[in-house]
Amino acid sequence: MVYADPRDANYIASANKAHAAALAADYTALGVQLQRRGIAIDDITRAVAGFRVAIPSWGVGTGGTRFGRFPGKGEPRNVFEKLEDCAVIHRLTGATPTVSLHLPWDRTDDFVALREHAAGLGLGFDAMNSNTFQDQPGQPLSYKFGSLTHTDPAVRAQAVAHNIDCIKAGAILGSRALTVWIGDGANFPGQSHLGKAFERYLESAATIYKALPADWRMFIEHKMYEPAFYATVIQDWGSSLMAAQTLGPKAFCLVDLGHHAPNVNIEMIVARLIHAQRLGGFHFNDSKYGDDDLDAGSIEPFRLFLVFNELVEAELAKAPNFNPAHMLDQSHNVTDPIESLMTSAIELQRAYAQALIVERTRLAEFRAANDVLMSAQTLKRGFTTDVSPILAQARVSKGGAIDPVTTYRASGYRERCAQSRPSKQSLGGGIV
Ligand code: RM4
Ligand code: MN
Ligand code: MN
């Protein structure tokens with residue numbers, strides 16, 4: 001097999017040649033269609049080209065479940081190799097210039113070297129993620145019964161110190177946010193005092209908050225359940241918002257799309273957090289039942305569109321304190337993670353483009369006239385329009401691929417990694 005570097009601009013440009021004529025024709029046709037709605041297609045393409053989403057470092061390795069993990073070929077073995085894969089995703093899509101790290105999974109002795117390695121690949125860093133939901137080798141105290149909310153102040157102090165370490169590492173890397181998700185909670189009624197556990201959380205979180213540099217934000221991520229199956233301390237956006245409001249102006253709520261009860265109206269939550277000026281960002285993924293790790297847009301693209309509809313509303317209204325971080329948080333158990341992450345980044349751009357082309361003046365008029373059917377139809381017209389030519393054109397404008405997956409496969413990148421990265425023996429299940 002002849003290998004090519006999928007990050008090489010000449011390689012991408014030559015791969016694009018096969019698709020260029022079809023794209024030009026499709027883009028022109030869509031432009032005419034949108035023109036009839038009073039929309040200039042190039043404005044939408046420019047906005048889509050400006051869209052960015054961070055890649056989770058933990059997403060480029062093959063994931064698993066608690067039943068097992070089936071490793072993929074040529075998986076990255078350390079954070080430096082993870083960044084190599086992230087660079088492939090970014091070059092082909094033009095949409096993912098940053099990476100969100102998870103410590104201690106991505107721990108290295110030399111964060112300066114890591115920053116330079118990333119810069120050489122054209123990458124920067126988004127929010128740092130702490131991990132107090134697992135014990136690490138050599139760790140003095142266990143998180144089995146909690147971390148930031150543990151009944152033992154010494155365990156809480158250890159968990160707080162870890163979060164402060166994450167801030168310090170992130171400061172070297174140029175990150176400007178810390179995402180805190182804890183699995184703390186109870187598996188049995190009676191196991192923990194629901195009120196006091198939350199109070200302990202607030203106290204621990206306040207110590208972390210105090211360590212934030214001036215230009216940093218703290219993202220509080222809620223999750224309804226898992227690993228605590230009866231009651232999780234930060235289980236919903238209400239707890240998250242209360243915590244953010246108690247901590248101070250640098251604390252915001254992070255919405256992971258997979259962390260809600262089935263059928264919950266997530267776009268409503270987004271609207272409320274925008275109103276409260278506390279929407280910090282997203283972990284995008286999709287889910288069908290109780291999972292939180294399927295590829296963004298793969299199950300419920302309409303819901304994703306409705307979330308983006310709220311974001312576009314806020315953007316157009318210049319909502320105060322509105323600057324949400326976009327991050328993916330998925331686990332790829334049966335696909336090549338690079339392909340899933342590229343596809344997911346594009347699905348987010350799709351939802352964004354669909355939301356951008358909603359005819360908002362008409363929508364407002366129909367709403368005001370209580371024309372329910374036409375309101376619904378007007379909103380949905382954005383969703384049912386195939387905006388693929390806009391997405392492809394946006395990628396081309398950034399040196400990306402018209403057809404990222406095909407271009408990636410043809411490069412032989414994964415096969416080459418399979419040779420240069422002999423797989424590590426991995427036992428048991430796990431999320432990474
Ligand atoms: C959790 C949560 C966190 C992520 C871990 C791996 O469910 O989504 O954001 O860091 O998984
Ligand atoms: Mn998450
Ligand atoms: Mn999750």
Side-chain angles (χ1 to χ4, degrees), residues 58 100-107 127-171 175 177-214 216-254 256 259 278 280 283 329 431-432:
W58 59 102
S100 191
L101 295 190
H102 219 304
L103 297 188
W105 294 339
D106 296 321
R107 182 156 286 296
M128 302 295 291
N129 296 264
S130 59
N131 177 344
T132 59
F133 48 87
Q134 287 175 322
D135 285 346
Q136 306 299 330
Q139 180 184 307
L141 301 168
S142 172
Y143 296 133
K144 179 169 182 178
F145 297 111
S147 59
L148 294 179
T149 77
H150 200 284
T151 47
D152 180 351
V155 180
R156 299 202 295 276
Q158 177 183 282
V160 167
H162 165 67
N163 275 276
I164 294 174
D165 274 354
C166 291
I167 296 172
K168 286 186 184 147
S175 164
L178 173 72
T179 299
V180 182
W181 172 73
I182 55 166
D184 294 31
N187 275 11
F188 291 85
Q191 180 185 336
S192 87
H193 188 296
L194 302 183
K196 286 185 181 164
F198 187 57
E199 280 157 23
R200 290 193 290 269
Y201 175 83
L202 292 176
E203 191 190 303
S204 300
T207 315
I208 300 168
Y209 183 92
K210 277 197 213 101
L212 291 172
W216 273 53
R217 294 189 289 171
M218 180 168 165
F219 298 147
I220 300 166
E221 179 178 3
H222 66 273
K223 181 178 182 180
M224 190 176 66
Y225 72 97
E226 196 198 26
F229 285 99
Y230 162 63
T232 292
V233 181
I234 305 295
Q235 68 143 14
D236 55 12
W237 71 277
S239 308
S240 173
L241 180 60
M242 267 192 279
Q245 288 174 331
T246 306
L247 288 172
K250 290 190 275 187
F252 291 84
C253 305
L254 185 138
D256 182 311
H259 288 187
R278 294 288 179 158
H283 275 177
D329 181 7
I431 43 173
V432 287

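All heavy atoms count here, side chains included; hydrogens, waters and symmetry mates do not. Count residues from 1 along the sequence.
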*Measure the spacing between OG of Ser240 and NZ of Lys223 and express it to the nearest 0.5 Å.*
14.5 Å

*What pairs of residues pass the side-chain hydrogen bond (donor to acceptor under 3.5 Å, both in side chains) test when at least one of them lies in residues 241-253, not counting sequence neighbours?*
none

_If you count every heavy atom of other residues, nucleotides or ligands that lies below 6.0 Å from Phe229 atom CZ, does the total exceed 12?_
yes

*Please tell me if the side chains of Tyr225 and Gln235 come closer than 4.5 Å, counting only heavy atoms from C-beta onward.*
no

*Specify the closest pair of heavy atoms between Ala169 and Leu103, including all atoms of both residues, with the distance to one decimal.*
CB-CD1, 3.8 Å

*Just how far is it from atom OG1 of Thr179 to atom CG of Asn129, taken to the nearest 0.5 Å?*
4.5 Å

*Is any side-chain heavy atom of Leu148 less than 4.5 Å from a side-chain heavy atom of Asn163?*
yes

*Could you list the residues that satisfy side-chain contact (heavy atoms from CB on, under 4.5 Å) with Pro227, not counting sequence neighbours?*
Trp181

*Distance from Arg156 atom CZ to Asp184 atom CG, nearest 0.5 Å?*
10.5 Å

*Quick one: list whatever passes side-chain contact (heavy atoms from CB on, under 4.5 Å) with Ser142, sequence neighbours left out.*
Asp135, Lys144

*In sequence, state the C-alpha distance, the side-chain angles, and the governing distance for Asp106 and Trp58, and then conclude on side-chain hydrogen bond (donor to acceptor under 3.5 Å, both in side chains).*
CA-CA 9 Å; Asp106 296 321; Trp58 59 102; over 6 Å; no

*Looking at residues at least two apart in the chain, or sitting in another chain, which of them share a side-chain contact (heavy atoms from CB on, under 4.5 Å) with Ala244?*
Ile220, Ala251, Cys253, Arg278

*asked:* Can you tell me how far apart NZ (Lys210) and CG (Leu247) are? Round to the nearest 0.5 Å.
replied: 10.0 Å

_Taking Ala211's backbone N and O only, do any of them form a donor-acceptor pair with Trp216's side chain (distance below 3.5 Å, no angle check)?_
no

_Run the side-chain contact (heavy atoms from CB on, under 4.5 Å) test on Gln134 and Tyr143 for me, step by step, so that the C-alpha distance in whole Å, both residues' side-chain angles and the decisive distance to 0.1 Å come before the verdict._
CA-CA 7 Å; Gln134 287 175 322; Tyr143 296 133; over 6 Å; no

*asked:* Within the 4.5 Å heavy-atom criterion, are Gln139 and Gln158 side-chain neighbours or not?
replied: yes

*Residue list, side-chain contact (heavy atoms from CB on, under 4.5 Å) with Ala214, at least two apart or on another chain*: none

_Considering all heavy atoms, the nearest Glu221-Asp256 contact_ = OE2-OD2, 3.1 Å

*When rounded to the nearest 0.5 angstrom, what distance separates CG in Asp329 from NE2 in His102?*
7.0 Å

*Backbone N or O of Asn131 within a donor-acceptor pair of the His162 side chain at under 3.5 Å?*
yes

_Residue pairs involving residues 192-212 (criterion ring-ring contact (aromatic ring centres under 6.0 Å, His included); sequence neighbours excluded)_ = none

*Minimum heavy-atom separation for Ala228 to Asn187, with atom names?*
CA-OD1, 3.3 Å

*Distance from His222 atom NE2 to Ile234 atom CD1, nearest 0.5 Å?*
10.0 Å

*asked:* For a 4.5 angstrom cut-off between non-hydrogen side-chain atoms, does Leu178 reach Ile208?
replied: yes

*With the side chain counted from C-beta on, respond yes when Ser147 and Phe133 share a heavy-atom pair under 4.5 Å apart, and no when they do not.*
no

_If I compare all heavy atoms of Gln191 with all of Gly185, which pair ends up nearest, and what's the gap?_
NE2-O, 3.9 Å

_Could you check whether any side-chain heavy atom of Arg107 comes within less than 4.5 Å of a side-chain heavy atom of Asp165, counting everything from C-beta outward?_
yes

_Least distance between heavy atoms, Ala197 atom then Ser192 atom_ = CB-OG, 4.5 Å

*Applying side-chain contact (heavy atoms from CB on, under 4.5 Å), run through His283 and Phe219 and close with a yes or a no.*
CA-CA 11 Å; His283 275 177; Phe219 298 147; over 6 Å; no

*asked:* Tell me if a side-chain donor or acceptor on Thr149 pairs with a main-chain N or O of Arg200 at a distance below 3.5 Å.
replied: no

